[in-house]
Amino acid sequence: MSSTDLERLMNKWLSAQEFYVVGKKVERADTIEKALGIARYMEDYYMRDMLVIKQVTSKYPHARILSIDDSQAKKVKGFLMNITAKNIPGENQVGYSIPDQPLLADKKVRYVGEPVSLVVASDFDSALEAAQLVKVNYDPLPYVLDPLEAMKRNDVLVHEETGSNIAFRTKVRKGDVEKGFSESHVVVENTYRTSHQDHIYLETEASIAIPNLEGKLTILSPSQYPHLTQKIVSRVLGLPASSIRVVVPYLGGGFGGKDDQGPLTSAKAALVAYLTKRPTFIEYSREESIAVHPKREATVIRYKSGADAEGKLKAIEVEIVHDTGAYANRGPFILWRATMHASGPYVVPNAKVDGYCIYTNKVYQGSFRGFGNPSVQFAAESQMDVLAEKLGIDPLEIRLKNILTPGATTITGQVLDSSVGVKEALEAAALKAGWKEKRKAYSSMEGRFRKGIGIGVAWHGISTSRGVPDWSAGTVKIELDGSVSVLVGIVEMGQGSPTSSHRQIVAEILGVPLDLVHVYFGTSDAPDTGATHASRGTGVGAIGVYVASIELRERLNSLAAKLLNTDPEDITIVDGVVRSKKDPSKSMPWKDLVKSAYSKGVSTTSSGYFFLPKGRFDDEMGQGFAYISYSYMVTITEVEVDTELGTVKVLKTYPAIAAGKIINPVQVEGQIEGAFVQGMGLALTEEFKFSEKGEIINKDLTDYVIPTSMDAPEIAEPIFIEDRFKYGPFGAKGVGEMALIPAPSSIANAVSHAIGKRVTHLPITPERVLKLLEGR
Amino acid sequence: MYYKLPEFEYKRAENLHQALDVLKEGDWKILAGGTDLILDMKIGRQSPKKILDITRLGELRYVRAYNGKMFIGGGSRLQELLENALVKEKLPLLSSAIYEMASWQIRNVATIAGNICNASPAADSAPPLLIYDAKVKLSSSSGSRTLPISEFFLGPRKTAISSYELLEEIEVPTLDGYFQWYYKLGRRHAFTLSVVSAAVALKIENGIFSDVRIALGSVAPKPVRAYTVENELKGKEANVSEIERAVEKVAEDISPISDVRASAEYRFKATKALLKEALFKGMKYFGGGSG
């Protein structure tokens, strides 16, 4: 099918007004087994005769490895071997964006917790004991921990070959900021800081690798992208990708962390299985998980904004510093996203944004729900409130004056032609929250307990950035009995894309009952569907199965037209009944249509593929096509602050989302609730404390404080603005990350409102609240 | 980091007599619920060579009321105490403290004696027991002795128990006609260690503080009574200025440290704020000034 034919067919489904399963609160395929606790996760596949791995990790922030001595470990019964960088048959290189990162430290370690070797034993106790007995001799080197200091220093280099600790730079240049500030009635400048955040998925990293015949390997991998795991394992072992098969079981949470660490965990298991020819299991303890795997970046953001007397933004000048830790990993992409989103979802005529991704000798940064955006939206949204206050304008009004609407131009000069529902979302949320009344009532509160209400608005580009290729693929196969098998690379990590929205999309288009559709997900056996990240599991990830189903439906319409003696445009198929629209008495069951397809030579398998059309971006000027479309999110949040203890209680939040067509409202509600509470952790309690040596002190769940259900506020039923996106399945965009992005800003703005002082540092701990109140 | 659980000698006692008999040998570490001990062993904080398992001692799981006092078996699980109507009615501070402790799963395993003997400065059951002037019965094969709980705690993870002894029972006098108040300030609303915990009981007669008892957790090397503040208030008129003046003296009762959970400075401020809240509420309870 030509791409124009395909776009014509996609448009037909995009404009659909009546749905039979899409948009309905349908039950997920995995509900019962998860509720009963019989769903199997990675660890449940461990079997007794598998070898087990324990990692030996660095105790120094920066040191040369002089030698690795396993003579004492060898005395442990059950010990098999200690695998180091030298044993890697392929490339010891797993850097995601820059080739700067080994799987196992070679010559040098760059953070406390960096994996140095893999102890292999026949059982857990032997592995643990032997790992304690491996002695690594180090020559300690000077180290840098503070990103602002690391930026300026060239005498201590995390990576000598780079000549600088600046791993990557980004920029945006639009208009003339000096002119913009000179035309401004008010100019405000603040420095914002946010802290590292850990994913704390319930299930820590684990993997199983099983050697097969013909030198092949099967890997059970807790990763968000089976094909990336395949690629990395292939590189580390020096084997062709086609000899490596990856299957992803249900994940006990991903949040981006298993996009980065999943493939590396699997590469470790695969390396041992390859060298020993035996099935191998690895599982991180919680402490190990926290010490080893990448975090959400800590940031320092200097933000200057100017607006005219009416509150129209005239200019912004922003400097973003990301502490990327020991390795760049996805840091450059994270920084890129933060940079392009620096304005918030507003029209800004003059913008100068500079981003710096800085190496330090700390645990490295990586993907985390929101991907660089929550911190910069916190800064941008705080600035909006500060400007409003200086101008004596309501925070809602100043936002509405500047908000993106269809036809508006972003700071990268991209014109947003359609699917821009943020204004409607903001207006609807403000109305539902009772913004005007509450803002006024809370402003005059006195005494120990003070309430506040704050707005957070966010935008988030969907799919990959710039011209970075992104595509979707999937296979749909109608079996002879009429049931449907769907094969996709998208994984199930709690969000329910393959177990709900993919099934709904296929069922809607083919017209089959939902319970006949079965999705085989998270496997490298499927066509490369791209990763389950960037809120793309449904919006982009399902385009492949959407397209495959559309193609099948065209074939079946033609066949049905022949059988019912009408034309293909006259055929409807709904819930397993094939019918003529003009003459509803002409009908046949779905199963008979399928049997006819098999007997009359109509193929019942289709592999769908769609390559997202992208535009050009000029990196020199930071101008051009940034993202194919954006999702938008509003949270309006109420808090109560105890001004004596400094504690903050989040009372209620009102979410509104503009993410195109909502395929399953219950699934989206779940995503919004989870993301908001995770954002609340970032805003209020989650923070790593580092020792003088750059070691994380609170690497356990006693002292790394995530919110519990007892801390969760009331979350109002979300408002959906269905601003359909032309390439998404039925116009769907992305949801997964969205509520986390404005959550911290809405909480920070509410706290600032309650106490009458500006919050600039996350998390907003009781101590920070008291300091603000005391004017320190 | 997690370590391999070290090897140790293990015995399980089927009854109290047997347990005390084993303890006679000395150097046995008691495993009651294990929620502190096993974790400590995994992270290398404790590495006992000999472990005596007393989890099956059903005879140590009871709550009895007698003659104005409550008698709690040391082996009582926290969840059992939380669900006990007598505890809730007669020892509201203890009931509130246990409600805020850990999670249902852990409370079902952890024992009250274990929480006391672990002697964490943050032990949640300690401030209420200090308020009630509880006594602990320490038994060995050669007999029993009774010690006021305030003399039982010696410092962080240090107590007056000897290695031959087992904490058999806690004797808790009840308080009648008192205003009783408990607050656990943690970093979230469940499943958390306290930054400051405070228990207060007081009585006001004819506008005068006739008794004031204050106990605090996580602000000193051990759970403490704030005797200075108590004495400043006893016999004084119940009013705002007396309370504010007395609360300032809490610095003489506590010595908080700065750690990963909070700074010493914050703990001082929070302690004072909590004490004022409790004392003002107490005053209101007895019909005193509006605060």
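So that the names make sense, note that chain A is the first sequence line, chain B the second, and so on, each numbered from 1.
If you tally non-hydrogen atom pairs under 4.5 Å between each of A/T647, A/T702, A/T765 and chain B, the highest count goes to A/T702.
To the nearest 0.5 Å, atom CG of residue A/D703 and atom CG of residue B/L193 are 6.5 Å apart. Distance check: B/K276 NZ to A/R448 CZ gives 10.0 Å after rounding to the nearest 0.5 Å. Taken from CG in B/D259 to NZ in A/K689, the straight-line distance is 8.5 Å, to the nearest 0.5 Å.
Under the 4.0 Å criterion applied to side-chain N and carboxylate O atoms, B/K269 and A/E774 are assigned as salt-bridge partners.
Annotation: A/Y60, atom OH; neighbour count of heavy atoms from other residues, nucleotides and ligands within 6.0 Å does not exceed 12. Within 6.0 Å of the NZ atom in B/K50, the count of heavy atoms belonging to other residues, nucleotides or ligands exceeds 12. Other residues, nucleotides and ligands place no more than 12 heavy atoms under 6.0 Å from the NZ atom of B/K249. At most 12 non-hydrogen atoms from other residues, nucleotides or ligands lie less than 6.0 angstrom from CZ of A/R193. Shown here is B/E100, whose CD atom has more than 12 heavy atoms of other residues, nucleotides or ligands within 6.0 Å.
Put simply, the side chain of B/Y183 reaches to within 4.5 Å of the side chain of A/L645, judged on heavy atoms. B/R188 is listed as a side-chain neighbour of A/I706, based on a closest heavy-atom distance under 4.5 Å. Between A/N698 and B/R261 there is no side-chain heavy-atom pair separated by less than 4.5 Å.
Side-chain atoms of A/E767 come within 3.5 Å of backbone N or O of B/S263 as a donor-acceptor pair.
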